Amino acid sequence: MEETATVMLDGLRRDLMAIRGGEVLPALGEGVACAYCEMRGLCRRDDWDGAAP
């Protein structure tokens with residue numbers, strides 16, 4: 001569990017530094033789940049190439 005937490009925190013650190021540097025982060029959603037998810041703004045699904053509004 002400690003190793004998994006370390007990997008997660010390292011990834012979060014990289015993402016936050018990328019945001020701070022002005023990088024555009026990729027969307028995170030997957031397939032059909034996006035049709036029902038209310039968190040589209042969080043994963044930025046609508047910003048994907050070819051994504052339906």
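Computed from a predicted structure; not experimentally measured. When a residue number appears, it is its place in the shown sequence, counting from 1.
Taking CE from Met8 and CE from Met1, the interatomic distance works out to 10.5 Å, rounded to the nearest 0.5 Å. Between the CZ atom of Arg13 and the CG atom of Leu16 there is a distance of 9.0 Å, given to the nearest 0.5 Å. The line from CG of Leu9 to OG1 of Thr4 is 11.0 Å long, rounded to the nearest 0.5 Å.
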